[in-house]
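Reading through the structure tokens given below for one structure.
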Amino acid sequence: MAFSYVRRKFADKLVKLLCLGAALSVILPFLIILLFLFRSGASSLDLNFFTQLPKPIGEKEGGVANAIVGTLILMGLTFLIGTPIGVLGGVFLSEYGNNNLKKIVRFSADILNSTPSIVIGILVYSWIVIPMHGFSAIAAAVALSLIFVPVVCRTTEESLLLVPKELRDAALALGIRKWKVICYVMIETAKQGILSGLLVALARIAGETAPLLFTAFGNQYWTYKLNEPVSALPLLIFEYAISPYEQWHKAAWASALILLLLIFVLHFTVRMLLRKTVQQ
């Protein structure tokens with residue numbers, strides 16, 4: 001009896017150590033990258049970097065304000081386009097549809113998930129950029145939405161499937177209409193998982209560069225029109241990183257740090273707002 005207890009205790013500690021090691025193997029590389037970004041880019045961050053336009057080589061006090069605004073515009077547009085489609089697609093896969101149609105939709109989402117982003121950029125270039133005779137924020141948002149939607153769709157489906165079947169059956173047994181059960185029982189219960197899927201999808205599109213090369217193209221000036229080329233942090237990082245100038249290399253590291261902090265602030269803010277909603 002005592003030997004069995006000691007063996008179980010040892011197995012418990014061993015599993016805890018393995019879980020800790022697995023967690024550290026994921027967290028440590030991220031921390032190393034974060035520290036390297038701080039070391040390489042923090043020295044270039046000042047107020048002008050957030051408020052000024054890019055300056056030519058040799059001129060100081062330049063910034064990436066237009067790229068920050070462009071990134072926010074593209075993320076906002078993509079969120080508005082992709083969230084309803086992705087969430088409704090996940091609801092359809094979880095709650096509606098026959099088996100054959102579900103297989104087609106799920107297979108299509110998986111194919112889009114595995115499609116290289118540069119292929120999506122070329123596709124949207126032929127669909128939108130050529131007919132519109134110009135690059136635009138709209139074309140970039142459509143390209144990013146094709147990356148955003150399948151991630152949200154699959155995570156929404158998985159989140160809804162984790163909701164206990166008894167909750168759905170109990171609500172339907174009370175005579176509540178199915179769409180109300182989905183909105184007020186299923187989605188409400190699975191909203192943490194759905195939100196996580198949205199944040200993961202946003203984090204993925206925030207760093208995409210290849211689709212933007214064929215759609216947004218970039219812009220060195222302020223622009224708020226959706227039918228014009230727009231700058232973005234990934235485009236600016238790409239342009240600065242391949243340049244031969246040390247000044248632009250430092251700006252690229254600083255821009256990468258800003259992009260990472262932007263995702264972190266977005267994730268933290270949404271989580272805190274959701275936590276307050278749950279507590280109320």
Side-chain angles (χ1 to χ4, degrees), residues 26 28-78 115-125 129 135-137 139-144 146-148 200-223 228-267:
V26 175
L28 283 178
F30 173 75
L31 291 178
I32 293 172
I33 294 173
L34 186 61
L35 290 174
F36 185 78
L37 280 177
F38 267 106
R39 180 183 176 184
S40 303
S43 60
S44 299
L45 296 180
D46 54 23
L47 183 60
N48 291 324
F49 199 79
F50 291 92
T51 58
Q52 299 293 323
L53 293 176
K55 296 288 183 67
I57 290 298
E59 295 188 22
K60 297 182 179 180
E61 299 183 354
V64 295
N66 60 329
I68 296 174
V69 173
T71 298
L72 294 175
I73 291 174
L74 293 181
M75 290 178 65
L77 272 177
T78 304
T115 302
S117 59
I118 192 170
V119 175
I120 293 176
I122 296 172
L123 186 66
V124 175
Y125 176 83
V129 175
F135 303 95
S136 65
V142 172
L144 294 177
L146 292 177
I147 302 172
F148 182 89
V200 169
L202 275 177
R204 179 178 176 184
I205 65 166
E208 287 290 346
T209 305
L212 303 185
L213 293 172
F214 294 92
T215 53
F217 191 69
N219 194 329
Q220 294 296 318
Y221 306 100
W222 292 107
T223 179
E228 292 183 353
V230 64
S231 183
L233 286 172
L235 282 175
L236 205 66
I237 294 169
F238 174 76
E239 179 184 352
Y240 284 0
I242 63 175
S243 71
Y245 307 112
E246 183 65 25
Q247 179 182 340
W248 278 11
H249 290 170
K250 291 181 179 180
W253 286 115
S255 300
L257 180 59
I258 291 174
L259 186 61
L260 185 63
L261 292 178
L262 179 65
I263 298 300
F264 175 78
V265 170
L266 175 65
H267 188 280

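Please read these numbers as outputs of a predicted model, since none were measured by experiment.
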Residues forming a side-chain hydrogen bond (donor to acceptor under 3.5 Å, both in side chains) with [X], sequence neighbours excluded:
X      : result
Ser136 : none
Gln220 : none
Thr223 : Glu228

Mind listing the closest non-hydrogen atom pair of Leu37 and Ala256 along with its distance?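 Heavy-atom minimum between the residues: CD2-CB, 3.9 Å.
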Nearest non-hydrogen partners of Leu236 and Ser255, listed with the distance: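 Leu236 and Ser255 have their closest heavy atoms at CD2-OG, 4.3 Å.
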Should we say atom NZ of Lys250 is surrounded by more than 12 heavy atoms from elsewhere, each under 6.0 Å from it?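 No.
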Distance, nearest 0.5 Å, that separates [atom1] of [X] from [atom2] of [Y]:
X      : Y      : atom1 : atom2 : answer
Ser117 : Leu144 : OG    : CG    : 9.0 Å
Ile147 : Arg204 : CD1   : CZ    : 5.5 Å
His249 : Ile242 : NE2   : CD1   : 9.0 Å
Tyr221 : Leu53  : OH    : CG    : 9.0 Å

Provide the full list of ring pair (Phe, Tyr, Trp, His ring centres under 6.0 Å) pairs with a residue in residues 32-78, sequence neighbours left out, each pair given once.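 For residues 32-78, and leaving out neighbouring residues, the ring pair (Phe, Tyr, Trp, His ring centres under 6.0 Å) pairs sorted by first residue read Phe36-Trp253.
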Donor-acceptor list for residues 209-218 side chains, cut-off 3.5 Å, not counting sequence neighbours:
unit_1, atom_1, unit_2, atom_2, d
Thr215, OG1, Pro211, O, 2.6

Tabulate below the donor-acceptor pairs under 3.5 Å that side-chain atoms of residues 63-78 make, not counting sequence neighbours, or state none.
unit_1, atom_1, unit_2, atom_2, d
Asn66, ND2, Asn219, O, 2.9
Thr71, OG1, Ala67, O, 2.9
Thr71, OG1, Leu233, N, 2.8
Thr78, OG1, Leu74, O, 2.7

Tyr245 and Tyr240, any side-chain heavy atoms less than 4.5 Å apart: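 No; the side chains remain at least 4.5 Å from each other.
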